2 protein chains.
Amino acid sequence: MAETAQQRIRTVASQLTRAERQLADAILENYPMSGLGPIARLAEKAGVSAPTVVRMVQKLGFSGFPEFQSALREELEAQISNPIAKHDSWSEAAPQGHILNRFTDAVIANIRQTLAHADPAEFDAVTALLADSRRAVYVAGGRITHALAEYLHLHLQVIRPGVRLIRTTSNAWPHDLLDLARGDVVVLYDVRRYENSTLKLAEIAAERGAKCVLFTDQWQSPIARHAAYSFNCRIEAPSAWDSTTAMLLLSETLIAAVQERAWERTRDRMKALEAMFDATRIFRKFV
Amino acid sequence: MAETAQQRIRTVASQLTRAERQLADAILENYPMSGLGPIARLAEKAGVSAPTVVRMVQKLGFSGFPEFQSALREELEAQISNPIAKHDSWSEAAPQGHILNRFTDAVIANIRQTLAHADPAEFDAVTALLADSRRAVYVAGGRITHALAEYLHLHLQVIRPGVRLIRTTSNAWPHDLLDLARGDVVVLYDVRRYENSTLKLAEIAAERGAKCVLFTDQWQSPIARHAAYSFNCRIEAPSAWDSTTAMLLLSETLIAAVQERAWERTRDRMKALEAMFDATRIFRKFV
DNA sequence: GGCGCGATGAAACTATGATTACAAAATCGG
DNA sequence: CCGATTTTGTAATCATAGTTTCATCGCGCC
């Protein structure tokens, strides 16, 4: 019985039903505060009904909601009176030095610094470029960053026409540049161990009058000199490799910004896409 | 109304009667915990009657005990909410409501919640599985998540032998499962608009005795039932799409953990890789 | 010491919150 | 695709917590 409600929830997490899991998430979301109010408020917050709450706390081994609540209060009291337990780790369940906490610390620091250095005017300008459907968009990444390029490409494709992914890892990439016209946009990802082929691509694109947008690391790829806009993302991590999380964040934000700017068109394209998905039955019908 | 209950009590302290002062002392003694329980318990603790409590909170300006209690809860919540989150502006240069700040806010919240839900024991178990080079590893993602799968695959490949990437977006994926043996590990990514082919893959893998590791969203893919381990990542974003940043973070952390565990081997493999890169002149010599 | 007034708690009452029963919905297996 | 089973929410019920009333108590004052 020395077990906290949080632990109990985790223990039974696997045997919970859909609504119960939803509820468990809501409780854990800002634990234990949300459990201290009346049952109806908790139910509403979790988007389930009050009986579901009762059933779930009974599954956790409490006789009913009041007992559960009083357990929460006791835990909270113990925690508050013990200042060592101050909330400064990401995964409460993991020890302080666990890699889950160490790595997340580093990534948050990366995000903070990346955002601090990002120029909103530049960001808005890039958004405008990408939202302009008269310009074709080419997206390219290197060995490590190809996954990011692919991700950006996938989403931009839904938002607007004329988006192409270039694989610089294959040596057929010059084929992809045949249609490149003055004023087109080339988005490049390049992080350290900067790649020759990506640099070549940027040189050619710049020469042909395309606007290059570069996502690079804090040490800046040599491509920067050819780029009209460049975002420097911190990528340091407590690992033999770097973390591209901040870079993904910036890319996703860019996607969101472009989409916001071109929402009318995007919505139509999404509808068309949905219709095609329905026709192909790729996805499960519900949920 | 920005006044805390504590301050209000102090303000009216002088005009309180004997029983009320007794009660006030009890509340302030371990504020605000004692006010969170039922009125009877507080009354008992203070050695007064329930009506006294009601009269007193009304003197404080609350309509009744429930309102008083809910004010206490709010105060407490504001007090313990993680200070790390209280970063009101990520990009100082951008206005408060700029998408750079809005999106980052959402992603940080996702990361925090994802980490809060992650079970370190489960994480460590998955690390061990992936570090065990006797087990082959298969990595698969769907339409949206393929980029993540590719990223994990790329890095795991450097750390250990026997890693394969499966494209569930192509219908030739069953070919990739021909060699799947009991005890192998299948890492799956599946977020909403859960895909049928990924589910099928999971079913087959589970049937063949492979261990499934699932990265999914907070609503949980139906694959969860076949998975030995599953990580639920928050993916909500102020956008028509979701954000997979938290998922990438967790994946990168996993990569770092596996690498840490198998560092000797990883180092040798990295050296070999470097040698090959040198031979191919893919990368720029310096910087 | 008795009178009057505010303070207080017991008890009745009311409202609200928790629980249960049941029916609808979703899911699963064939 | 259909019937069985589980899950879930709605509505009714029950319990408990909060409030009000009112009689009592203590205290100061005459």
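Remember, it's a predicted structure, so these values are computed and weren't measured experimentally. Reminder, nothing fancy here: chain letters follow the sequence lines and each chain counts from 1.
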Q.
Between C1' on C/dG17 and CD on A/E67, what's the gap in Å once rounded to a whole number?
A. 17 Å

Q. Can you find a heavy atom in the side chain of A/V48 that is under 4.5 Å from one in the side chain of A/Q22?
A. yes

Q) Could you state the CG-C1' distance from B/L23 to C/dT8, rounded to the nearest angstrom? A) 13 Å

**Q.** Length of the line joining A/Q22:CD and D/dG9:P, which is rounded to integer Å
**A.** 8 Å

Q.
Regarding A/R10 and B/E122, does a basic nitrogen lie under 4.0 Å from an acidic carboxylate oxygen?
A. no

Q.
Does anything in residues 47-62 of chain A form a salt bridge (Lys or Arg N to Asp or Glu O under 4.0 Å)? List the pairs, not counting sequence neighbours.
A. A/E20-A/K59

Q) Is the charged tip of B/R8 near the ring of B/F62: under 6.0 Å from the six-membered ring centre and within 45° of its axis? A) yes

Q: Could you tell me the separation between the CZ atom of B/F65 and the P atom of C/dT16, rounded to a whole number of Å?
A: 16 Å

Q: Under 4.0 Å between any heavy atoms, over every strand shown, what does B/R21 touch: base, sugar-phosphate, or nothing? Just pick one.
A: nothing

Q.
The side chain of B/R225 is closest to which nucleotide in this list: C/dA7, D/dT19, C/dC28?
A. C/dC28

(Q) Using 30° and 60° as the class boundaries, would you call the ring planes of B/Y189 and B/F215 parallel, tilted or perpendicular? (A) parallel

Q. Is there a donor in the side chain of B/S243 and an acceptor in the side chain of A/E252, or the other way round, less than 3.5 Å apart?
A. yes

Q: Report the distance from atom CD of A/Q15 to atom P of D/dT7, rounded to the nearest whole Å.
A: 11 Å

**Q.** Given B/L249, B/L248, B/T245, the one that forms side-chain contact (heavy atoms from CB on, under 4.5 Å) with A/V107
**A.** B/L249

Q: Let me know the distance between CE of A/M56 and P of D/dG9, rounded to the nearest Å.
A: 13 Å

Under-3.5 Å N/O pairs linking protein and nucleotides 9-11 of chain C:
from	atom 1	to	atom 2	distance (Å)
C/dG9	OP2	B/S49	N	3.2
C/dG9	OP2	B/S49	OG	3.1
C/dG9	OP2	B/T52	OG1	2.9
C/dG9	N7	B/R55	NH2	3.3

Q) Under a 4.5 Å cut-off applied to non-hydrogen side-chain atoms, are B/R167 and B/D176 in contact? A) no

Q. Quick one: does B/W173's side chain get under 4.5 Å of B/T198's, heavy atoms only?
A. no

Q. Hey, does the side chain of B/T17 come within less than 4.0 Å of C/dT8's phosphate (OP1/OP2), counting only N and O?
A. yes

Q: Would you classify B/Q58 as touching base, sugar-phosphate or nothing, given that sugar-phosphate means primed atoms plus P, OP1 and OP2, and contacts are heavy atoms under 4.0 Å?
A: sugar-phosphate

Q | Contact list for DNA chain C against residues 35-44 of chain A - heavy-atom distance below 4.0 Å | A | A/P38, A/I39, A/A40

**Q.** A/Q69 CD to C/dG17 P, straight-line distance once rounded to whole Å
**A.** 11 Å

